[in-house]
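Note sheet for the following structure.
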Protein chains: 2
Amino acid sequence: MKRTPKELDARIGEMVERCRSEGMNLTPQRLVIFRALLESEDHPSPELLRDRVRDQLPAVSLATIYKTLDVLVTLGFAAEVPVTGNTKRYDGNMGAHHHLVCTRCGSVADADHASLPEIPLPRSLHGFAPHGYSVHVHGLCSTCRSTLTTPKEKKSWPKN
Amino acid sequence: MKRTPKELDARIGEMVERCRSEGMNLTPQRLVIFRALLESEDHPSPELLRDRVRDQLPAVSLATIYKTLDVLVTLGFAAEVPVTGNTKRYDGNMGAHHHLVCTRCGSVADADHASLPEIPLPRSLHGFAPHGYSVHVHGLCSTCRSTLTTPKEKKSWPKN
DNA sequence: ATATATGCAAAGCTTTTGCTGAAGA
DNA sequence: TCTTCAGCAAAAGCTTTGCATATAT
């Protein structure tokens, strides 16, 4: 998610306020991790996020990354992204938006909610009461599109 | 996904054909697991799927469940569902459809693609070449809606 | 000063892998 | 008979937890 420095600072300010009002400590780890998440546009995994803050927090532990992400999710400043695969991935963009999922490399990019036409949700869907939605668009990201001449290796059968 | 016995048998027939044409063995495990997946409407995890086939395959191992699901995904007869949480979940419904995600219990139900208005996808989205989409509707499932007065368990589906 | 958080290491789960006996074709 | 597969157990990978120390307020 693109963010101006101003928006970024504003968001961090909200988070600072919220930590105070919740009686939580404002640690450098939390600030740096939150900022790194906000500056990421690729829904990083906890491990990747650790790599991104390592220059600022050389001794940070993965456990702290996990705990901080939990805090951010609980406070409503981050969300876990629904993905396939074995690792969690997080999003610091809490506005309504869609996901562009590359079927070739698995990348997940955000697209503004306004980039697709609005869907009028019915009052009820088979007894389900909808209250919002996001579209998962699948296709090819620009990187994969430009390397299409190098076909992805076909999966061979499990040889046990 | 609702399926008539006829559709179910047809689908299993396709899978049988495909196994043969690929030179793969048609084992009772594969048939039973695939059938159980097709009969599930809740996007079961591998472990839950094992529980569901245990009466027919008392000695089945979790490893076989995993391997079979891999095979089904590779052949295009199943798909991993993008979800949050720590366990994979699978879908035997390969037609275009949407997902109704309950924000209270974490259940994921299918909704026919026709249950929501069609979105005209642009040719390109920020360099991304779309080729399909599904909508993740979030809200309350009918079960959670009717038990809203009973704020008992928080989340029952994913174990975390 | 006191409550809260970090970092470490260990534990807990989920998923994958190597191997051997069993079974499908 | 000749592959391929199931089941087991071990390994690998991701996430959570307990605890002692360090830090924020």
Side-chain angles (χ1 to χ4, degrees), chain A residues 15-34 36 43-51 53-54 56-75 78 80-90 106 155-160, chain B residues 15-34 36 43-51 53-54 56-75 78 80-81 83-90 106 155 157-160:
Chain A
M15 189 268 213
V16 168
E17 276 313 298
R18 189 67 182 290
C19 279
R20 292 205 173 114
S21 72
E22 297 281 345
M24 300 173 60
N25 286 357
L26 208 71
T27 63
Q29 286 90 338
R30 282 180 182 166
L31 284 173
V32 169
I33 292 167
F34 185 40
H43 314 274
S45 65
E47 196 173 352
L48 182 51
L49 208 42
R50 182 191 48 180
D51 294 344
V53 301
R54 216 160 3 202
Q56 294 172 80
L57 302 170
V60 78
S61 73
L62 212 35
T64 296
I65 305 281
Y66 277 102
K67 287 170 186 168
T68 302
L69 286 169
D70 278 352
V71 166
L72 292 173
V73 168
T74 304
L75 293 183
E80 201 188 327
V81 186
V83 287
T84 60
N86 292 340
T87 72
K88 293 188 166 185
R89 290 173 68 176
Y90 289 87
K155 187 171 180 181
S156 54
W157 287 118
K159 220 39 180 166
N160 268 5
Chain B
M15 188 269 213
V16 168
E17 277 313 300
R18 190 67 184 289
C19 280
R20 292 205 172 114
S21 72
E22 298 280 346
M24 299 172 60
N25 284 359
L26 210 71
T27 63
Q29 287 89 339
R30 284 180 180 166
L31 284 172
V32 169
I33 292 166
F34 185 41
H43 313 274
S45 65
E47 195 174 353
L48 182 52
L49 207 42
R50 181 190 49 180
D51 295 344
V53 301
R54 211 151 18 197
Q56 294 172 81
L57 302 170
V60 78
S61 73
L62 211 36
T64 295
I65 306 280
Y66 277 101
K67 288 171 184 169
T68 302
L69 286 169
D70 278 351
V71 166
L72 292 173
V73 168
T74 304
L75 292 182
E80 199 187 329
V81 186
V83 288
T84 60
N86 292 339
T87 72
K88 292 187 167 185
R89 290 173 68 176
Y90 289 87
K155 276 192 164 193
W157 221 115
K159 199 169 36 182
N160 38 267

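Letters A, B, ... mirror the listed sequences (proteins, then strands); counts begin at 1.
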Testing dG7(C), dA6(D), dG24(C) for proximity to the side chain of Val60(A), the answer is dG7(C)
Ser61(A) has its side chain closest, among dC8(D), dC14(D), dC8(C), to dC8(C)
Ranking dT15(C), dT16(D), dA24(D) by distance to the side chain of Lys88(B), first place goes to dT15(C)
Looking at dA6(D), I'd like to know if its phosphate oxygens (OP1 or OP2) sit under 4.0 Å from a side-chain N or O belonging to Thr27(B). yes
note: Lys67(B), atom NZ; dG18(C), atom P; distance rounded to Å ~ 10 Å
To the nearest angstrom, the CG-P distance between Leu49(A) and dC14(D) comes to 15 Å
Of the listed dA5(C), dT14(C), dG7(D), the closest approach to the Met24(A) side chain comes from dA5(C)
Per nearest nucleotide of DNA chain D, the residue lying toward the 5' end, Pro46(A) or Asn25(A), is Pro46(A)
Leu57(A) atom CG is separated from dT23(D) atom C1', nearest whole Å, by 14 Å
Separation of dG7(C) atom P from Ile65(A) atom CD1, nearest Å, is 9 Å
Would you indicate whether the side-chain heavy atoms of Thr68(A) and Leu49(A) approach each other to under 4.5 Å? no
Closest of dT16(D), dA24(D), dT6(C) to the Thr64(A) side chain is dT6(C)
Worksheet entry | Check: Thr87(A) and Glu47(A) side chains under 4.5 Å, non-hydrogen atoms | no
**OP:** Report which part of the nucleic acid Arg30(A) touches: base, sugar-phosphate, or nothing (heavy-atom distance under 4.0 Å, all strands).
**Re:** sugar-phosphate
Closest of dA24(D), dA6(D), dT16(D) to the Asn86(B) side chain is dT16(D)
Quiz item: Charged N to carboxylate O under 4.0 angstrom, Asp70(B) versus Lys67(B)?
Solution: no
Taken to the nearest whole Å, OH/Tyr66(B) to P/dC5(D) is 20 Å
Side chain Arg30(B), main chain Met15(B), donor-acceptor under 3.5 Å = no
Whole-Å distance, Tyr90(B) OH to dT15(C) P, equals 7 Å
Between CG of Asp70(B) and P of dT14(C) the distance, given in whole Å, is 17 Å
Winner on side-chain proximity to Glu47(A), out of dC14(D), dG18(C), dA9(C), is dC14(D)
Per atom distances to the Pro28(A) side chain, the nearest of dT15(C), dA24(D), dC19(D) is dA24(D)
| said: Would the distance check show the side chain of Arg18(B) and the main-chain N or O of Leu75(B) forming a donor-acceptor pair, the cut-off being under 3.5 Å? | reply: yes
Of the listed dG7(D), dT17(D), dC5(D), the closest approach to the Ala59(B) side chain comes from dG7(D)
Does dT23(D) have OP1 or OP2 under 4.0 Å away from a side-chain N or O of Gln29(A)? no
Problem - Ile65(B) and Val53(B), any side-chain heavy atoms less than 4.5 Å apart - result: yes
From CG of Leu48(B) across to C1' of dT15(C) the rounded distance in Å is 17 Å
